[in-house]
Structure formats: structure tokens, C-alpha cells
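Read the structure below first, then the notes.
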Amino acid sequence: MSCVPHCFVLHIAHLDVHNMNQTASIAATDITTHSDSGFILPDLLSDCHYPLRLNPHCDPVSRASEQWLLNGARLTEPEITAFMGLHAGEFTAACYPDGDASHLRVCSDFVNWLFSIDDWMDGSDVDDTWGMRECCMSAFRDPINFHMEKRGAKMCKSYVDLFYHTRSF
């Protein structure tokens, strides 16, 4: 038996970088029929013999965390659709299948917040990024006395408040 994982070659047929509406056409073929125009990715899922486990609190925690972010971040379309398509709560529930609901919620909020901050920073320059860093770190250091109207800082304060209420030492 070979210890080389089964691989696939992906051929990118068309990608319109000016219209990012999922116009990429990707075809997977077996490694035995690959040509030099593609690249090889291992089939990681076939070699995973562990069952996918989801936290039993996945649905209510995911919905509450999504609502927390949507209310605090004041997203608009198409941001809302993109955020909901991430399924970050489900991802978090798969990463922490044994956590209780309150601890899963802290993790889910963090992952949702992290993905959102990453999206907000995509079009930012160095000064904007440094400013976001400063307001978030200030909110984390002193969530009670730090005040700012930026949505990133408010989300940080809200997250730290939830974290402090659910911590266990």
C-alpha cells in the first residue's frame, strides 16, 4: 500500500478578476490524467478517518453569535451575505465539539469578529491598520474606561465583556 496520498489536479479554466461573482470554473481530475497546466493538491479528506463532530449547541450559539456581530458591526449588503456564507459558527462548533454553550459562544464570537476585522482591513492602508490595532488593543486592555465610537472598538468591548462573564479559572 502506498503512503502517498491520492491527489487531484485543479485546472482553472476562467477567472474574471474584475467581476468577483464566482466566475471561476474549476475542474478536478485524477492525478493519472493531469497535464502541466494545473497544480496538484492532495486529497486530505479521504485520508481523514475521524468522524466530523459538531458541538450539540451549534445552532443556537451560531445564530446568537451571528446576530451579535450583525447588530454590532452594522453590516450592509453584500457584506451580510458574505458574512453569513462563512458559516463561522459551524466551523467553531466543529473545532470545539465538547465545549459548553457559553464557552462555545465566546469562541464563536471571536471567530466571527476575526473574520469581520480581516474583511474590514482588506482595503486599508498602514495608518488605518495601525489605528484599528490601537483602538482594539485599548478596548481589550481597559474595556470599562475605554470609549470610542468606531465599530471595531465597540465590537472589541462587547467581546471582552462576554469573555469576562464566561471565563473560568
Side-chain angles (χ1 to χ4, degrees), residues 1-13 15 20-31 38-124 132-133 136-137 139-140 143 150-169:
M1 178 173 207
S2 172
C3 51
V4 177
H6 189 76
C7 295
F8 292 95
V9 176
L10 296 181
H11 301 279
I12 301 178
L15 177 60
M20 297 306 286
N21 291 329
Q22 301 293 340
T23 59
S25 174
I26 299 175
T29 58
D30 192 288
I31 187 75
F39 55 93
I40 299 172
L41 294 176
D43 180 8
L44 299 174
L45 296 178
S46 295
D47 293 328
C48 182
H49 303 288
Y50 300 101
L52 174 63
R53 294 176 50 220
L54 282 179
N55 189 297
H57 308 288
C58 176
D59 288 335
V61 169
S62 295
R63 301 303 78 80
S65 185
E66 290 164 356
Q67 198 58 52
W68 168 78
L69 190 116
L70 291 171
N71 290 341
R74 299 186 312 258
L75 300 179
T76 59
E77 286 297 343
E79 295 168 320
I80 294 171
T81 301
F83 167 70
M84 295 302 288
L86 288 173
H87 300 285
E90 288 80 358
F91 168 74
T92 307
C95 292
Y96 302 100
D98 299 318
D100 63 34
S102 64
H103 289 96
L104 180 63
R105 173 68 192 274
V106 171
C107 294
S108 187
D109 284 356
F110 180 74
V111 170
N112 279 326
W113 172 81
L114 194 61
F115 282 137
S116 295
I117 287 290
D118 178 63
D119 288 345
W120 294 340
M121 300 282 51
D122 280 346
S124 300
M132 180 62 81
R133 175 200 174 270
C136 288
M137 292 308 295
F140 284 145
K150 285 188 176 183
R151 64 183 172 166
K154 286 183 172 187
M155 296 298 296
C156 289
K157 285 180 69 156
S158 177
Y159 172 76
V160 171
D161 184 53
L162 178 66
F163 175 78
Y164 279 118
H165 284 91
T166 59
R167 70 178 182 231
S168 59
F169 296 105

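We're numbering straight along the sequence, starting at 1.
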Exercise. Where is the tightest heavy-atom contact between M155 and L69, given as atom of each residue plus distance?
Worked result: CE-CA, 3.8 Å
For this session: Would you name the heavy atoms of R105 and W68 that are closest together and state the gap between them?
Result: NH2-CB, 3.3 Å
For this session: Kindly indicate, with the supporting measurements, whether the criterion side chain to side chain contact (heavy atoms under 4.5 Å, CB included) is fulfilled by M132 and I117.
Result: CA-CA 9 Å; M132 180 62 81; I117 287 290; 4.1 Å; yes
Exercise. Which pair of non-hydrogen atoms, one from G89 and one from S108, has the smallest distance, and what is that distance?
Worked result: CA-OG, 3.6 Å
For this session: Carefully, step by step, assess V111 and L86 under the rule side chain to side chain contact (heavy atoms under 4.5 Å, CB included).
Result: CA-CA 10 Å; V111 170; L86 288 173; over 6 Å; no
For this session: Please name all residues satisfying side-chain contact (heavy atoms from CB on, under 4.5 Å) with D118, sequence neighbours left out, ordered by chain then number.
Result: D122
For this session: With sequence neighbours excluded, tell me which residues meet side chain to side chain donor-acceptor pair (under 3.5 Å) with N112.
Result: S65
For this session: Identify the heavy atoms of D47 and D43 that sit nearest to each other, and give their distance.
Result: OD2-O, 3.8 Å
Problem set entry | Sequence-distant partners of D98, salt bridge (charged side-chain N to carboxylate O under 4.0 Å, His left out), two or more places apart | R53
Problem set entry | Sequence-distant partners of D59, side chain to side chain donor-acceptor pair (under 3.5 Å), two or more places apart | none
Exercise. Atom CG in D109, atom CD in E66: separation rounded to 0.5 Å?
Worked result: 10.5 Å
Exercise. Can you tell me how far CE of M84 sits from CG of L75, rounded to the nearest 0.5 angstrom?
Worked result: 10.5 Å
Problem set entry | Polar side-chain atom of S62 near backbone of C58 as donor-acceptor pair, under 3.5 Å | yes
Exercise. Which residues satisfy the side chain to side chain donor-acceptor pair (under 3.5 Å) test with W113, sequence neighbours excluded?
Worked result: none
Exercise. Could you give all pairs that pass the side-chain hydrogen bond (donor to acceptor under 3.5 Å, both in side chains) test and reach residues 81-96, with sequence neighbours left out?
Worked result: R63-E90, E77-T81
Exercise. Closest approach of V61 and A101, non-hydrogen atoms and distance?
Worked result: CG2-O, 3.8 Å
